[in-house]
There are 2 protein chains.
Amino acid sequence: MSRNEVEMPGERKRHAPRGSNAKPLTGIREVARLAGVSVGTVSNVLNRPDKVSEATLARVEQVIERLDFVPNRGAADLRTGRSRMIGLVVPDITNPFFADVARGAVDAAGQQGYVVVLCNCDQDIDKQNGYLDVLEEQRVAGVLINPIGAIPSGLSRLRDRGSGVVLVDRSAKLSDYSSAAVDDVRGGQVAIEHLLGLGAKRIALVNGPTSLRQCSDRRRGARRALSAAGRSADDLIEVVNSTMTIHAGVSAVDQLLALDSTPDAVFCTNDLLAIGVTRALAQVGRDVPGDVAVMGYDDVDLAAEAPVPLTSIGQPKYELGHVATELLLKELPMGADAKHERVVFQPHLTVRNSTTATP
Amino acid sequence: MSRNEVEMPGERKRHAPRGSNAKPLTGIREVARLAGVSVGTVSNVLNRPDKVSEATLARVEQVIERLDFVPNRGAADLRTGRSRMIGLVVPDITNPFFADVARGAVDAAGQQGYVVVLCNCDQDIDKQNGYLDVLEEQRVAGVLINPIGAIPSGLSRLRDRGSGVVLVDRSAKLSDYSSAAVDDVRGGQVAIEHLLGLGAKRIALVNGPTSLRQCSDRRRGARRALSAAGRSADDLIEVVNSTMTIHAGVSAVDQLLALDSTPDAVFCTNDLLAIGVTRALAQVGRDVPGDVAVMGYDDVDLAAEAPVPLTSIGQPKYELGHVATELLLKELPMGADAKHERVVFQPHLTVRNSTTATP
DNA sequence: CTGAAAGCGCTAACAC
DNA sequence: GTGTTAGCGCTTTCAG
C-alpha cells in the first residue's frame with residue numbers, strides 16, 4: 001500500500017494531523033476525490049441518484065465499490081437531526097409474548113431502514129426509567145414501550161425532545177400517546193361465549209393475579225359475556241392464583257372439586273393453568289371435554305401439543321409489534337402535532353379437543 | 001381479526017422557551033453560554049468532572065439541570081470515532097434460547113453503557129447478511145452473532161472497519177474470532193453417563209436433524225460416553241426426527257417399540273421430544289422411569305412441570321450472552337491486534353423423576 | 001447538474 | 001483550570 005499525497009485543490013491546510021496518512025481515510029470525501037467530483041455530488045448519488053447524470057453516477061458508484069465505501073449513518077443522522085433508531089422497551093424479552101412483539105417490531109423497523117435497540121427491564125421500573133434516559137441520550141427517533149407501572153414521566157421528556165412514543169399492549173385512554181393493544185376484555189368474552197355455546201351451565205374462571213391488567217380484563221370480559229347471555233355475572237366461579245403455572249392449575253382443581261357441584265366448564269386465563277387443570281382433572285377421573293370443558297389463553301405452541309389439545313384464545317403478537325412500529329414511523333414526520341391513534345387487535349379463538357371431542 | 005382505529009385528539013406541549021431567544025438551541029454550547037464558561041469546560045464536567053473546579057462544576061451542573069440538557073451521544077460518538085452500540089444477530093429471538101442470550105447480552109452491554117440493537121434473521125441468511133450491512137453503516141462497536149450457516153464474510157469487513165466480533169454458541173476453531181459457546185458434546189456425554197450410572201443396558205437416542213450442529217454434537221457426546229464406558233458406540237439405538245416436537249417424540253416411540261427388545265433408557269436431544277416420548281410410553285403401559293428412563297435437553301421451564309418431571313441437561317443461556325458481550329467489550333480497546341479467546345460453558349444435569357423415581 | 005461552504009453537537013489537543 | 005479551535009463524516013442550501 002503506497003501512501004499517496006492528498007492534494008486538495010481548495011487549499012485546506014489548516015488541518016495538521018493529516019500530513020502523513022496512516023489511516024485508510026475512507027469517507028465521502030475520499031470517494032469524491034477519486035471520482036473527481038465534489039462531496040455534494042457523492043452525497044447525491046447516495047441519497048438522490050435520480051438527480052445525478054448517468055455518467056457521474058456510474059463513475060462515483062464504481063469508486064464506491066472499489067473503495068468498499070460504506071456511508072456512516074451516524075454522521076448522516078447527526079447532520080439531518082433525526083436518527084434511524086427506535087427503542088423497544090419491554091418488561092421481559094424472555095416472555096414469549098414480547099419476543100414475538102419484538103420480532104414484529106424489528107421487521108417493521110427494518111423495512112423502513114430503522115434499527116431497534118432492545119431494552120429489557122426485567123420487570124424493574126428503575127431499570128425501565130434508566131433505559132428511557134439512555135434512549136434520550138441516543139436521540140432515538142422513537143420508542144415502543146410496554147410500561148411496567150404507570151406511564152413513565154420519561155416518555156414526555158422523550159417526546160419533548162422530538163422522539164415519537166407508542167404504547168404497546170397498553171391502551172392509553174387518558175394519556176395522549178398512540179398505542180397498539182389487544183383487547184383482553186374481548187378475549188375473556190369470546191372465551192365464555194364459546195363455553196356458553198357449548199351448553200355449559202356452571203362455568204369457572206381460573207385466573208392469575210388480578211393486579212395484572214390482562215387478568216382483570218379477561219375476567220371483566222368473562223363476566224360481561226355472562227351478563228349478555230342473560231345470566232348473573234356472579235354465576236362465575238372464580239379461583240385466583242398468584243402464579244400462572246401448570247402447578248397452580250393443578251391446585252386450582254382442588255378448590256373446584258371442593259364445591260357443592262363441580263363446574264362443567266373452566267376458562268383459564270393462560271395455557272399453563274389450563275394444562276394443569278386438565279391434568280388434575282384427568283387424575284381424578286374426570287374426562288375432558290366429556291365431563292368438563294377446559295380452555296386456555298395465549299395459544300402457545302404447546303397448546304396444540306398438550307395431551308388433550310387445548311382450545312385457546314390467541315393474540316396477534318407479531319402484528320402487535322409490527323403495527324406499533326408502523327404507527328410510530330407514521331407519526332414521526334408529523335412531529336409535535338401528530339394525531340395519536342389507538343389500534344386495537346382482536347384476540348381469536350382456536351377450538352381444539354379440550355372443549356369439543358369432535359372439533 | 002378486525003382492527004379498528006380510534007383517533008385521539010393530540011395535545012402537544014412543548015418545552016418552555018429557552019431563555020428569551022427564538023431558537024430552542026439546547027446543546028453544550030447553550031449550557032456553556034448560560035453558565036458563563038466555554039464549551040470545553042462543559043465537555044469536561046460531562047466526561048471528566050474531576051478536572052473541573054468545584055465551583056464551576058456546581059454552576060454548570062445547575063444550568064444543565066435547569067435546561068434539561070441531555071448530551072447527544074450520537075454526536076459524541078461521531079467525534080470520538082467509536083460508537084456505543086453493539087449488534088446482536090440471532091436466527092430467531094422467539095426461540096427461548098436466544099431470548100435468554102439476548103437478555104444476558106443486553107444486561108452486560110448496559111452495564112458498560114452500551115446499547116444493543118436486535119437483529120432477528122428469521123433463519124434467513126440473506127436477512128442476516130443484510131443486517132451485517134446495516135450494522136456496518138451504523139459503525140457499531142461490535143457484533144455478537146450466532147451465524148446461520150458458514151461464518152459470513154460480512155464479519156471480516158465489519159472487523160476491518162474496526163468493529164469487534166464474537167461468535168455466540170458457535171466455536172470458531174478455524175476462524176480467528178472470539179467466541180462463547182456451550183459444550184454440546186459434553187452435554188450428550190453427561191446425559192449418557194447419567195443413564196449408564198443408573199444401570200441402563202439398552203440406550204436409545206431420540207435426535208433431531210443431525211444437520212443442526214447441536215444435534216450432531218450431542219450425538220457425538222453420547223457415543224463417546226458409551227465408548228468410554230467400554231461399550232461399543234454402535235450399541236446406541238438411534239431415531240432421528242426432522243422436527244423436535246412433542247409429536248415427533250410420540251412417533252419416535254413407535255420405532256422404539258418395533259425393535260427386538262425395547263430400550264430401558266432414552267436420551268432425547270430436547271425436552272419436547274422427551275415429553276412426547278414419555279407420553280407415548282405411558283400410553284402403551286410402560287412406566288417412566290420404572291420400565292424406561294427418559295431424559296431431555298435444554299431444561300426448559302416446562303421440564304419441571306411435565307406430568308412426570310423431566311431429567312434434563314440445562315445450558316447457561318443468560319451467561320452465554322453475558323460473557324460473549326464482556327468478551328467483545330474487553331477486546332474492543334485492543335483493536336486489530338486483540339487476541340481472541342474462546343470460552344466454553346459446561347451444560348449441567350438436573351435429575352428429576354423421569355430417570356429416578358426417588359430423586 | 002455540480003461545486004463550494006456551512007455546519008449538526010460534541011471532544012480533544014493545545015494554549016493561556 | 002479553562003478557553004480556543006479544528007474537525008468527526010455527512011447533508012444541504014445556494015450559486016454557477
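With hydrogens and angles disregarded, no donor-acceptor distance shorter than 3.5 Å links the side chain of Asn72(A) to the backbone of Gln138(B).
For Arg79(B), the side-chain hydrogen bond (donor to acceptor under 3.5 Å, both in side chains) criterion is met by no residue, not counting sequence neighbours.
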Check the interface with nucleotides 1-4 of chain D: list each N/O to N/O pair with the protein under 3.5 Å, or write none.
{"residue": "dT2(D)", "atom": "OP1", "partner": "Ser53(B)", "partner atom": "OG", "Å": "2.9"}
{"residue": "dT2(D)", "atom": "OP1", "partner": "Thr56(B)", "partner atom": "OG1", "Å": "2.4"}
{"residue": "dT2(D)", "atom": "OP2", "partner": "Ser53(B)", "partner atom": "N", "Å": "2.9"}
{"residue": "dT2(D)", "atom": "OP2", "partner": "Thr56(B)", "partner atom": "OG1", "Å": "3.0"}
{"residue": "dG3(D)", "atom": "OP2", "partner": "Ser38(B)", "partner atom": "N", "Å": "2.7"}
{"residue": "dG3(D)", "atom": "OP2", "partner": "Ser38(B)", "partner atom": "OG", "Å": "3.2"}
{"residue": "dG3(D)", "atom": "OP2", "partner": "Thr41(B)", "partner atom": "OG1", "Å": "2.6"}

Tabulate atom names and distances for all N/O pairs under 3.5 angstrom spanning the protein and nucleotides 14-16 of chain D.
none

Worksheet item: What do the steps show when you test Arg103(A) against Asp100(A) for salt bridge (charged side-chain N to carboxylate O under 4.0 Å, His left out), and what is the final call?
Response: CA-CA 5 Å; Arg103(A) 202 167 66 90; Asp100(A) 247 314; 3.7 Å; yes

Discussion item. Assess the residue pair Tyr177(A) and Arg159(A) against the criterion (side-chain contact (heavy atoms from CB on, under 4.5 Å)); give the C-alpha distance rounded to whole Å, side-chain angles, the decisive distance to 0.1 Å, and a yes or no.
Written reply: CA-CA 10 Å; Tyr177(A) 292 110; Arg159(A) 175 180 285 178; 2.6 Å; yes

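Within the helix from dC1(C)-dG16(D) to dC16(C)-dG1(D), the inter-axis angle between the opening and closing five-pair segments is 30°, rounded to 10°.
Residue Arg48(A) has a polar side-chain atom (N or O) positioned under 4.0 Å from OP1 or OP2 of dT12(D).
Here the side chains of Ile145(B) and Gln128(B) are in contact, with some heavy-atom distance below 4.5 Å. Inter-residue side-chain proximity for Val168(A) and Val90(A) is flagged as unmet; no heavy-atom pair is nearer than 4.5 Å.
Of the residues in residues 63-83 of chain A, those lying under 4.0 Å from DNA chain C by heavy-atom distance are Leu78(A), Arg79(A).
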Show me the donor-acceptor pairs within less than 3.5 Å that the side chains of residues 321-332 of chain B make with the rest of the protein, sequence neighbours left out.
{"residue": "Thr325(B)", "atom": "OG1", "partner": "Gly321(B)", "partner atom": "O", "Å": "2.7"}
{"residue": "Lys330(B)", "atom": "NZ", "partner": "Glu341(B)", "partner atom": "OE2", "Å": "2.8"}
{"residue": "Glu331(B)", "atom": "OE1", "partner": "Ser178(B)", "partner atom": "OG", "Å": "2.7"}

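Looking at every heavy atom in both residues, Leu46(A) comes nearest to Pro71(A) through CD2-CB, 4.3 Å.
Residue Gln62(A) holds its CD atom at 11.5 Å from CG of Leu57(A), rounded to the nearest 0.5 Å.
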